[in-house]
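Here, residue 1 is the first one in the sequence, and each next residue gets the next number. Scope of the values below: all heavy atoms of this structure, side chains included, with no hydrogens, waters or symmetry mates.
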Amino acid sequence: SAVLAGTSGLAAAIDSAVVAGYRNCARANASFIGGGFCNETRGARSSIVGGLYNHACGNYSFIGGGYVNATCNGSLYSAVLGGRQNTASRHCSSVAGGRKNCSCNAASFIGGGYNNVAKGDCSSIVGGQSNSITHNHSHIIGSHISSVATGTLHANCLFLGNIPDSNAGLVAGQVYRDSNTLKIKT
């Protein structure tokens with residue numbers, strides 16, 4: 001274990017390291033903090049690159065930076081890349097950025113935005129504001145949307161461009177245009 005630079009750093013576990021910063025604490029085995037202010041690792045083999053008041057509590061979890069971001073205990077392989085007040089609380093969950101987003105179920109993802117919650121397994125919210133997914137395998141593009149069904153894409157508005165004008169060469173389930181009518185190939 002080693003504290004290489006900075007002030008009041010602590011590398012308190014086997015093979016842990018704090019490279020720089022102020023009051024950073026690497027409390028888990030083989031954990032790493034690059035720098036920043038008052039960051040803490042509690043998950044084995046977790047990493048925080050920088051930022052302020054970030055907490056990596058999930059084993060093998062990662063926080064790139066930002067402010068008051070967290071990977072929770074039990075969130076194996078989770079990640080928060082940056083932003084503010086974001087949480088990845090289940091295994092393989094991730095938040096790329098934004099503010100007050102929570103990727104709360106297994107393999108869920110939030111790209112960014114504000115105040116989004118992904119509670120469905122394998123669900124995603126690309127961005128936007130005040131979205132909520134409670135169904136597995138569902139996805140949201142837009143703002144102020146709550147999921148209504150499993151395995152569904154939810155959007156405020158949808159534009160389809162370059163739609164084929166016949167079903168020739170299409171497979172079942174693809175959309176095509178017949179005059180001014182949209183159809184689905186069966």
inquiry  = Could you check whether any side-chain N or O of N156 sits under 3.5 Å from a backbone N or O of S143, counting only pairs where one atom can act as donor and the other as acceptor?
reply    = yes
inquiry  = Is the ring pair Y60/Y77 parallel, tilted or perpendicular, if the boundaries are 30 and 60 degrees?
reply    = parallel
ask   = Is it the case that more than 12 heavy atoms not belonging to K119 sit under 6.0 Å from its NZ atom?
value = no
task = Output yes when a side-chain donor or acceptor of N69 lies under 3.5 Å from a complementary backbone atom of N86, and no otherwise.
result = yes
key: From CA spacing to verdict: side chain to side chain contact (heavy atoms under 4.5 Å, CB included), N131, I133   = CA-CA 7 Å; N131 294 304; I133 291 182; over 6 Å; no
ask   = Got a sec: does the CZ of R84 have more than 12 other heavy atoms crowding it under 6.0 Å?
value = yes
inquiry  = To check you understand the geometry: which heavy-atom pair defines the closest contact between G151 and S138, and what is its length?
reply    = N-OG, 3.2 Å
query = When you check the side-chain N and O atoms of S108 and S103, is any donor under 3.5 Å from an acceptor?
reply = yes
query = Relative to the ring of F37, is the ring of Y22 parallel (under 30°), tilted (30 to 60°) or perpendicular (over 60°)?
reply = parallel
key: Test item: H139 side-chain N/O and S123 main-chain N/O as donor-acceptor pair under 3.5 Å   = no
ask   = Donor-acceptor pair, D121 side chain versus N136 backbone, under 3.5 Å?
value = no
message = What's the separation between atom CZ in R45 and atom CG in D15, rounded to the nearest 0.5 Å?
response = 8.5 Å
query = Which atoms form the tightest heavy-atom contact between T186 and A172, and what is the distance?
reply = C-CB, 4.0 Å
ask   = Which atoms form the tightest heavy-atom contact between S31 and A28, and what is the distance?
value = OG-O, 2.7 Å
key: Joint hydrophobic cluster, L10 plus V3, side-chain heavy atoms closer than 4.5 Å   = no
request  = Report yes or no: do H137 and T150 form a side-chain donor-acceptor pair below 3.5 Å?
outcome  = no
query = Would a distance-only check, ignoring hydrogens and angles, find a side-chain to backbone donor-acceptor pair under 3.5 Å from S147 to T134?
reply = yes
inquiry  = The test is side chain to side chain contact (heavy atoms under 4.5 Å, CB included); show your working for F62 and L81 and say whether it passes.
reply    = CA-CA 7 Å; F62 173 84; L81 299 183; 3.9 Å; yes
ask   = Are the side chain of N24 and the backbone N or O of G9 linked by a donor-acceptor pair below 3.5 Å?
value = no
request  = List the atom of A88, the atom of S78, and the distance in Å for their closest heavy-atom pair.
outcome  = CB-CB, 3.8 Å
ask   = Measuring from S146:OG to I140:CD1, what's the distance to the nearest 0.5 Å?
value = 6.5 Å
note = Smallest heavy-atom separation, A96 atom then G111 atom, equals CB-O, 3.1 Å
Within one Ile-Leu-Val-Met-Phe-Trp-Tyr cluster: V175 and L158, side-chain cutoff 4.5 Å = yes
ask   = Step by step, would you call T41 with I48 a side chain to side chain contact (heavy atoms under 4.5 Å, CB included)?
value = CA-CA 7 Å; T41 57; I48 297 174; 4.1 Å; yes
task = Identify the heavy atoms of S130 and N116 that sit nearest to each other, and give their distance.
result = N-OD1, 3.4 Å
ask   = Do the non-hydrogen side-chain atoms of I63 and T71 ever get within less than 4.5 Å of each other?
value = yes
query = Does a sphere of radius 6.0 Å around CG in L153 hold more than 12 heavy atoms from other residues, nucleotides or ligands, not counting ones at 6.0 Å or beyond?
reply = yes
ask   = With distance as the sole test, does H154 use its side chain to make a donor-acceptor pair with the main-chain N or O of V148 at under 3.5 Å?
value = yes
request  = Tell me whether F109 is reachable from V117 by hopping between hydrophobic residues (I, L, V, M, F, W, Y) whose side-chain heavy atoms are closer than 4.5 Å.
outcome  = no
message = Let me confirm one number: the NZ-OG distance from K185 to S166, rounded to the nearest 0.5 Å.
response = 8.5 Å
key: Atom pair CG (N59) and NE2 (H91), whose distance is rounded to the nearest 0.5 Å   = 13.0 Å
Point-to-point distance, once rounded to the nearest 0.5 Å, from CD1 of I184 to CG of N167 = 12.5 Å
request  = Evaluate side chain to side chain contact (heavy atoms under 4.5 Å, CB included) for R42 paired with N73, printing each intermediate quantity in order.
outcome  = CA-CA 8 Å; R42 287 194 174 267; N73 190 22; over 6 Å; no
query = Atom CG in N101, atom CG in N115: separation rounded to 0.5 Å?
reply = 7.5 Å
